[in-house]
Asks: 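The structure that follows is given in the form of structure tokens.
What you see is a predicted model; the values in this text were computed from it and never measured.
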Amino acid sequence: FAGAARAETVLKVSLHSDLKIIDPIWTTALISAHYGNMVYDTLFSLDAEQRVKPQMVDKYDLSADKLTWTFTLRDGLMFHDGEKVLAKDCAQSVRRWCSRDSFGQAMIAVTNEIEVLDDRRFRIRLKKPFSQMLYGLGARGCFMMPERTAKTPGTEQIKEAIGSGPFRFLPEACVSGVSAAYAKFDKYVPRQEQPSFLAGGKS
């Protein structure tokens, strides 16, 4: 139909395996990592040079004694269900990640407290310096989830797939063993930077 023609907007990709686990901290399977990086966002990410760059974080500060990290989220972050991403969501997501990831377990062992300061800020107070903090938060699959989801014990898999990443997961359109489906999240606000591996302006 002449007036109804439109550009093809569906990208079909043949991946190496079936997506069976939608809790990205529950498995090291690469297919779940791919899913996680589309559906969720991270506080920091690695660029093409393997440098840690802020992603959801607008700015951060480390105290002179290297025991207190303070993180401020950037504006415009929103979950797929329409709720704003708040510092309490990120603090709880970090706690849950620490319960499963070996790097996170090392971090939490030297942590006094993960404390929410306000809607956009939270801080991690340490017992002793942990120099690889940003690497851990940016390179180890520390995905940010709604607080209600992140309260799921690390011994249990999450039941919903609500993130704040550039794509929404479409469970109703998935066929086990055949395909998984995603849709672009139209309220995602990318960083105003060139994309570089997992960092920069995702879209």
Side-chain angles (χ1 to χ4, degrees), residues 21-30 32-74 77 79 85-158 162-165 191 196-200 202:
I21 297 176
I22 63 166
D23 190 336
I25 73 164
W26 241 75
T27 177
T28 57
L30 187 58
S32 292
H34 291 333
Y35 151 85
N37 281 307
M38 288 192 292
V39 174
Y40 300 98
D41 215 345
T42 52
L43 298 171
F44 295 85
S45 292
L46 291 183
D47 70 6
E49 303 299 323
Q50 299 299 289
R51 296 172 298 194
V52 180
K53 299 289 186 179
Q55 190 63 37
M56 297 173 74
V57 166
D58 177 38
K59 58 185 178 180
Y60 62 94
D61 176 74
L62 177 60
S63 62
D65 62 7
K66 302 186 185 306
L67 294 179
T68 303
W69 292 82
T70 304
F71 304 97
T72 302
L73 301 176
R74 60 188 177 93
L77 301 177
F79 286 115
V85 177
L86 302 177
K88 65 179 183 179
D89 302 305
C90 298
Q92 187 60 38
S93 294
V94 172
R95 293 186 191 104
R96 185 170 190 267
W97 168 76
C98 286
S99 75
R100 296 285 303 186
D101 184 82
S102 58
F103 199 101
Q105 290 168 358
M107 188 192 90
I108 204 69
V110 297
T111 296
N112 268 324
E113 183 180 25
I114 301 176
E115 178 184 15
V116 176
L117 301 178
D118 54 37
D119 282 353
R120 290 186 60 202
R121 296 183 303 143
F122 72 99
R123 68 185 175 196
I124 299 177
R125 295 193 304 107
L126 302 173
K127 302 171 186 176
K128 64 180 184 179
F130 190 74
S131 62
Q132 295 299 307
M133 175 71 72
L134 301 187
Y135 176 84
L137 296 177
R140 300 283 301 187
C142 186
F143 297 110
M144 298 299 104
M145 305 175 177
E147 182 187 40
R148 66 177 184 274
T149 306
K151 283 184 174 179
T152 304
T155 53
E156 300 176 16
Q157 292 188 43
I158 60 174
I162 301 295
S164 63
R191 293 189 71 88
S196 179
F197 190 44
L198 296 178
K202 302 175 182 178

Asks: If you measure from CD1 on Ile158 to NZ on Lys151, what distance do you get to the nearest 0.5 Å?
Replies: 15.5 Å
Asks: Please give me the minimum heavy-atom distance between Trp26 and Ile21, naming the atom from each residue.
Replies: CB-CG2, 4.1 Å
Asks: SG of Cys142 to CG of Leu43: how many Å apart, nearest 0.5 Å?
Replies: 6.0 Å
Asks: Less than 4.5 Å apart, side chain to side chain, heavy atoms only: is that true for Tyr35 and Pro24?
Replies: yes
Asks: List the residues meeting side-chain hydrogen bond (donor to acceptor under 3.5 Å, both in side chains) with Ser164, not counting sequence neighbours, and say none if there are none.
Replies: none
Asks: Do the side chains of Phe122 and Leu117 get nearer than 4.5 Å, heavy atoms only?
Replies: no
Asks: Check whether any side-chain N or O of Trp97 sits under 3.5 Å from a backbone N or O of Leu137 as a donor-acceptor pair, and report yes or no.
Replies: no
Asks: Going from CG on Asp41 to OG on Ser93, what distance comes out if it is rounded to the nearest 0.5 angstrom?
Replies: 11.5 Å
Asks: Once you measure the plane-to-plane angle for Phe71 and Phe44, does it fall in the parallel (<30°), tilted (30-60°) or perpendicular (>60°) bin?
Replies: perpendicular
Asks: Are any side-chain N or O atoms of Ser196 and backbone N or O atoms of Ala48, one a donor and one an acceptor, separated by less than 3.5 Å?
Replies: yes
Asks: For a 4.5 angstrom cut-off between non-hydrogen side-chain atoms, does Leu46 reach Val52?
Replies: yes
Asks: Hey, does Leu62 have a side-chain heavy atom less than 4.5 Å from the side chain of Met133?
Replies: no
Asks: Is there a donor-acceptor contact under 3.5 Å from the side chain of Ser63 to the main chain of Thr68?
Replies: yes
Asks: To the nearest 0.5 Å, what is the distance between CZ (Arg121) and CD (Glu115)?
Replies: 10.0 Å
Asks: Between Lys66 and Ser131, does the side chain to side chain contact (heavy atoms under 4.5 Å, CB included) criterion hold? Intermediate values first, please.
Replies: CA-CA 8 Å; Lys66 302 186 185 306; Ser131 62; over 6 Å; no
Asks: When you compare the side chain of Ser32 with that of Ile22, does any pair of heavy atoms fall below 4.5 Å?
Replies: no
Asks: Are Leu77 and Met144 side-chain neighbours, meaning at least one heavy-atom pair lies under 4.5 Å?
Replies: no
Asks: Under 3.5 Å, side chain of Arg191 to main-chain N/O of Gln55, donor-acceptor pair present?
Replies: yes
Asks: Are any non-hydrogen side-chain atoms of Val39 and Phe143 less than 4.5 angstrom apart?
Replies: no
Asks: What do you reckon, is NZ of Lys127 surrounded by more than 12 foreign heavy atoms closer than 6.0 Å?
Replies: yes
Asks: What closest approach, in Å, do Met107 and Ile124 show between heavy atoms, and which atom pair accounts for it?
Replies: CE-CD1, 4.3 Å
Asks: Does Arg95 use its side chain to pair, donor to acceptor, with the backbone of Ile114 at less than 3.5 Å?
Replies: yes
Asks: Can you name the nearest heavy-atom pair linking Asp58 to Arg120, along with the distance?
Replies: OD2-NH2, 3.9 Å
Asks: Give the C-alpha distance, both sets of side-chain angles, the deciding distance and a yes or no for side chain to side chain contact (heavy atoms under 4.5 Å, CB included) between Ile162 and Arg148.
Replies: CA-CA 10 Å; Ile162 301 295; Arg148 66 177 184 274; 4.1 Å; yes
Asks: Leu86 versus Asp118: any side-chain heavy-atom pair under 4.5 Å?
Replies: no
Asks: Can you name the ring-ring contact (aromatic ring centres under 6.0 Å, His included) partners of Phe103, sequence neighbours left out?
Replies: Phe130, Tyr135
Asks: Taking Arg100 for its side chain and Gly154 for its backbone only, find out whether a donor-acceptor pair lies under 3.5 Å.
Replies: yes
Asks: In plain terms, say whether Asp23 and Arg96 are close enough for a salt bridge, that is, a side-chain N and a carboxylate O under 4.0 Å apart.
Replies: yes
Asks: Kindly give the heavy-atom pair with the smallest separation between Gly141 and Ile25, and that separation in Å.
Replies: O-CG2, 4.0 Å
Asks: Scan residues 42-54 for pairs that pass side chain to side chain donor-acceptor pair (under 3.5 Å), counting only residues two or more places apart or in two chains.
Replies: Thr42-Ser45, Asp47-Arg51
Asks: Would you say Asp89's side chain and Glu147's backbone share a donor-acceptor pair under 3.5 angstrom?
Replies: yes
